[in-house]
Amino acid sequence: MIWIERLSLFSAWDFISLACYILGWLWIGWRIENPSKSRPSVSLLMADFRREWMKEMVTRSPRIFDSQVISSLRQATAFFASATMLALGAGLALIGNTEQLAGVAQDLALGQTPDFVWEIKILLVLAALTNAFLAFVWSHRLFGYCSVLMAAVPNEPSDPRAYPRAQQAAEINITAARSFNRGLRATYFSLAGLAWLVGAEALILATVITLAVLYRREFISRSRRILMQSEPKITAPTKM
């Protein structure tokens, strides 16, 4: 009965906006990772380039360049994991001090809101940040696996184990990138979730904007058009 009474503090629009938020998050993730064959996403196009990278690595000597690239990828995942951990700590501290949010709400003429409502809205953001943190940590570990597999690729391209090992490294690399992208999407939606502090309508608007940004970057961006080129256009340098 206590929970029923507490849920009554939320309006129908709050539940509608929360449903739009969750469904939008799930839909864009599925759409990016399972695009149509006629319109691949940037993530899917980059997966093919990751496979090409590992094939080229087999014949590259020395492989210092490859080790530097995989190291930079691991550093990126470590940075985002640390950032989300700090954000989680700040969010947990805010839950214990909702009076500040209540004061801001009064300044914005949002009326009196029970502390329980603020806590639930903050928990939504923390849930998204937790999802992002776990995705970044797993991505960091997978890139570590990939570096080990890369080291296991024989130096001789004629070795029968060379290309199968490179293929394994490529698939682990793709899986790590997929987890990293999921972490980024969770970060985007955690920012969208902050709009719920203002109101249900703001959450719906923030969700739509987040979906539009993600869809544009994956399906109609200039970077995608460049990746879609079968042979990159190279302009010959002009003679001075």
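The shown structure was predicted, so the numbers you read here are calculated from the model rather than taken from an experiment.
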Checklist entry - Without hydrogens or angle criteria, can the side chains of W53 and N173 be said to hold a donor-acceptor pair below 3.5 Å? => result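 W53 vs N173: no donor-acceptor pair found between side chains.
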
Can you find a heavy atom in the side chain of [X] that is under 4.5 Å from one in the side chain of [Y]?
| X | Y | value |
| --- | --- | --- |
| V153 | V58 | yes |
| N131 | W25 | yes |
| R178 | N181 | no |
| E171 | R50 | no |
| Q168 | C146 | no |

Please list, one pair per line, the donor and acceptor atoms closer than 3.5 Å that link side chains of residues 10-19 to other protein atoms, with sequence neighbours excluded.
residue, atom, partner, partner atom, Å
S11, OG, W13, N, 3.4
S11, OG, D14, N, 3.3
S11, OG, D14, OD2, 3.2
D14, OD1, W196, NE1, 2.9
D14, OD2, S11, N, 3.0
S17, OG, W13, O, 3.1
S17, OG, D14, O, 2.8

Next on the checklist: Could you see if I22 belongs to whatever hydrophobic cluster contains L134? Use Ile, Leu, Val, Met, Phe, Trp, Tyr and a side-chain cutoff under 4.5 Å.
Outcome noted: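 Same cluster: I22 reaches L134 through Ile, Leu, Val, Met, Phe, Trp or Tyr contacts under 4.5 Å.
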
Distance in Å, [X] [atom1] paired with [Y] [atom2], rounded so as to fall on 0.5 Å steps:
| X | Y | atom1 | atom2 | answer |
| --- | --- | --- | --- | --- |
| M228 | S223 | CE | OG | 12.0 Å |
| M46 | E52 | CE | CD | 11.5 Å |
| L129 | L92 | CG | CG | 9.5 Å |
| L211 | R185 | CG | CZ | 11.0 Å |
| T77 | L142 | OG1 | CG | 9.5 Å |
| F133 | W138 | CZ | CH2 | 14.0 Å |

Checklist entry - Just wondering, more than 12 heavy atoms not from I64 lying within 6.0 Å of its CD1? => result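 Atom CD1 in I64 is not packed in, count stays at 12 or less.
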
Item to check | Neighbour count above 12 (heavy atom, 6.0 Å) for R141 CZ | outcome: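 Incorrect, the count does not exceed 12.
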
Checklist entry - Taking only residues two or more places apart in sequence, or in another chain, which ones meet F80 in a ring pair (Phe, Tyr, Trp, His ring centres under 6.0 Å)? => result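 F80 satisfies ring pair (Phe, Tyr, Trp, His ring centres under 6.0 Å) with F136, F180 only.
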
Checklist entry - For Y215, what residues pass the ring pair (Phe, Tyr, Trp, His ring centres under 6.0 Å) criterion, not counting sequence neighbours? => result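 Counting only residues at least two positions away or on another chain, Y215 forms a ring pair (Phe, Tyr, Trp, His ring centres under 6.0 Å) with F219.
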
Checklist entry - What's the verdict on side-chain contact (heavy atoms from CB on, under 4.5 Å) for Q68 and L73, showing C-alpha distance, side-chain angles and the deciding distance? => result CA-CA 9 Å; Q68 290 177 336; L73 292 175; over 6 Å; no

Next on the checklist: Please find the pair of heavy atoms, one from R224 and one from P40, that lie closest to each other, and give the distance.
Outcome noted: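 Closest pair (atom of R224, atom of P40, distance): NE-O, 2.8 Å.
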
Item to check | Nearest atoms (heavy-atom pairs only) where P62 meets R60 | outcome: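 Heavy atoms of P62 and R60 come nearest at O-CG, 3.6 Å.
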
Item to check | Flag, side chain of S221 to backbone of E218, donor-acceptor distance under 3.5 Å | outcome: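 No, because the side chain of S221 does not come within donor-acceptor range (under 3.5 Å) of the backbone of E218.
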
Checklist entry - Are the charged groups of R51 and D48 less than 4.0 angstrom apart, N to O? => result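 Salt bridge present between R51 and D48.
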
